[in-house]
Amino acid sequence: PILYSYFRSSCSWRVRIALALKGISYDLVPVNLVKDGGQQFSSEFKALNPMQQVPALKIDGITLSQSLAIIHYLEETRPSPRLLPQDPKKRAQVRMIADHIASGIQPLQNLVVLKQIGERKTEWAQNCIASGFQALEQILQHTAGRYCVGDEVSMADLCLVPQVANADRFKVDMGPYPTITRINKALLELEAFKVSHPSRQPDTPAELRA
């Protein structure tokens with residue numbers, strides 16, 4: 001498999017965690033979203049992913065984009081370890097939390113939107129994340145065990161950790177979100193979350209390396 005990724009992209013990080021958890025080795029091709037006006041806008045990359053976004057994964061003779069679609073494919077073709085619970089209610093909760101982050105928070109504070117916002121981008125990002133986290137904290141109080149849903153790592157956790165990293169980057173006060181903070185801390189102790197971390201990627205700038 002070949003993963004097209006950017007070290008700081010939270011969507012790419014989700015997929016890197018999934019690949020690490022499932023023990024899938026891959027080649028990484030960095031796509032710098034800032035350099036050269038954004039390498040994702042090159043004609044070569046547009047041919048690979050018409051949405052001009054990372055991640056993209058070449059695997060099993062197909063090219064997939066959209067992080068959750070990629071994770072679902074990995075889950076269906078390489079089901080161990082499981083990232084979606086067998087219980088239908090828990091499975092629905094995992095998907096709900098993943099969608100809450102992947103559709104309801106992250107797109108509102110991503111690079112494309114922040115470019116449009118301009119000077120007020122930090123305040124905008126803080127507000128978007130805080131608003132999403134208020135709801136997420138409430139949800140997790142009902143679903144969480146050690147992790148987002150019960151005591152097994154799931155697709156929801158793969159979305160949570162990169163989003164908390166975004167919150168840290170935009171200096172969001174995490175005080176009101178003790179459940180999110182606790183789960184994030186537990187997940188960052190796991191090897192798959194460490195090796196996939198933005199500070200440990202081939203394209204991580206020297207000053208941001210772990």
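In the hydrophobic clustering of ILVMFWY residues, with side-chain heavy atoms under 4.5 Å counting as a link, L83 and V195 come out apart. F41 and V29 are not part of a single hydrophobic cluster, where members link through side-chain heavy atoms under 4.5 Å apart. Residues L48 and Y73 do not share a hydrophobic cluster, defined by chaining ILVMFWY side chains whose heavy atoms lie under 4.5 Å apart. Following chains of ILVMFWY side-chain contacts shorter than 4.5 Å, one cannot reach I105 starting from V112, and the two form parts of different hydrophobic clusters. No path of Ile, Leu, Val, Met, Phe, Trp and Tyr side chains, each step under 4.5 Å between heavy atoms, connects L114 with V34, placing them in separate hydrophobic clusters.
You'll find the side chain of P1 reaches within 4.5 Å of the side chain of L57, heavy atoms only. Using a 4.5 Å heavy-atom cutoff, the side chains of Q106 and H100 are not in contact. Between R14 and P162, the closest side-chain pair of non-hydrogen atoms falls below 4.5 Å. Between S5 and V54 the shortest side-chain heavy-atom distance does not fall below 4.5 Å. The side-chain heavy atoms of D173 and Q126, taken from C-beta on, include no pair separated by under 4.5 Å. Contact check for L3 versus P55: side-chain heavy atoms found under the 4.5 Å cut-off. Considering only heavy atoms from C-beta on, C159 comes within 4.5 Å of L68 through its side chain. Residues L158 and V15 form no side-chain contact, since every pair of their non-hydrogen atoms from C-beta on lies 4.5 Å or further apart.
Applying the side-chain contact (heavy atoms from CB on, under 4.5 Å) test between Y147 and each of N184, V94, L140, L190 identifies L190 as the sole match.
Judged by distance alone, with hydrogens and angles left aside, the side-chain atoms of D157 form a donor-acceptor pair with the main-chain N or O of C148 at under 3.5 Å. Judged by distance alone, with hydrogens and angles left aside, the side-chain atoms of D36 form no donor-acceptor pair with the main-chain N or O of G38 at under 3.5 Å. Side chain of Q53 to backbone of N49: no donor-acceptor contact under 3.5 angstrom is found. Listed for the W13 side chain is a donor-acceptor partner under 3.5 Å among the backbone atoms of S196. Using a distance-only test at 3.5 Å, with no hydrogens or angles considered, a donor-acceptor pair links the side chain of K22 to the main chain of R78. Looking at E75, its side chain does come within 3.5 Å of a backbone N or O of L84 through a donor-acceptor pair. Using modelled atom types, one side-chain atom of T204 and one backbone atom of Q201 make a donor-acceptor pair closer than 3.5 Å. Between the side chain of N110 and the backbone N or O of V113, at least one donor-acceptor pair lies under 3.5 Å. In terms of modelled atom types and a separation under 3.5 Å, the side chain of N32 and the main chain of Q39 share no donor-acceptor contact.
Rounding to the nearest 0.5 Å gives a distance of 8.5 Å between OG of S131 and CG of L108. Separating the OG atom in S199 from the CZ atom in R209 is a distance of 9.0 Å, to the nearest 0.5 Å. The OG1 atom of T122 sits 11.5 Å away from atom CD1 of I117, with the distance rounded to the nearest 0.5 Å. The OH atom of Y26 sits 12.5 Å away from atom CD1 of I2, with the distance rounded to the nearest 0.5 Å. Distance check: Q109 CD to S10 OG gives 6.0 Å after rounding to the nearest 0.5 Å. Distance check: Q163 CD to L160 CG gives 8.5 Å after rounding to the nearest 0.5 Å.
Nearest heavy atoms, F193 versus L188: CB-CA, 4.3 Å. For the residue pair A69 and S65, the shortest heavy atom distance occurs at CB-O, 3.8 Å. Heavy atoms only, all atoms of each residue included: A144 and R182 are closest at CB-NH2, 3.9 Å.
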Next item on the list: Take V164 and Y177 through the test side chain to side chain contact (heavy atoms under 4.5 Å, CB included) and record every step on the way to the result.
Entry: CA-CA 10 Å; V164 174; Y177 319 116; over 6 Å; no
Notebook entry, point to check: I17 and L187: side chain to side chain contact (heavy atoms under 4.5 Å, CB included), yes or no, with the steps?
Noted result: CA-CA 11 Å; I17 300 166; L187 288 163; over 6 Å; no
Item checked: Worked check of side chain to side chain contact (heavy atoms under 4.5 Å, CB included) between L28 and R16 -> CA-CA 10 Å; L28 189 137; R16 294 197 304 262; 4.2 Å; yes
Check: How far apart are the C-alpha atoms of Y4 and Q40, what are their side-chain angles, what is the distance that settles it, and do they pass the side chain to side chain contact (heavy atoms under 4.5 Å, CB included) test?
Finding: CA-CA 10 Å; Y4 296 80; Q40 70 275 27; over 6 Å; no
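Heavy-atom neighbours of Q86 CD from other residues, nucleotides or ligands within 6.0 Å: at or below the threshold of 12. Atom CD of E191 is surrounded by more than 12 heavy atoms from other residues, nucleotides or ligands within 6.0 Å.
Judged purely by distance below 3.5 Å, without hydrogens or angles, the side chains of T179 and E137 pair a donor atom with an acceptor atom.
Salt-bridge annotation for D203 and R8: absent, with no side-chain N of the basic residue lying under 4.0 Å from a carboxylate O of the acidic one. By the 4.0 Å N-to-carboxylate-O rule, R82 lies close enough to E152 to be salt-bridged with it.
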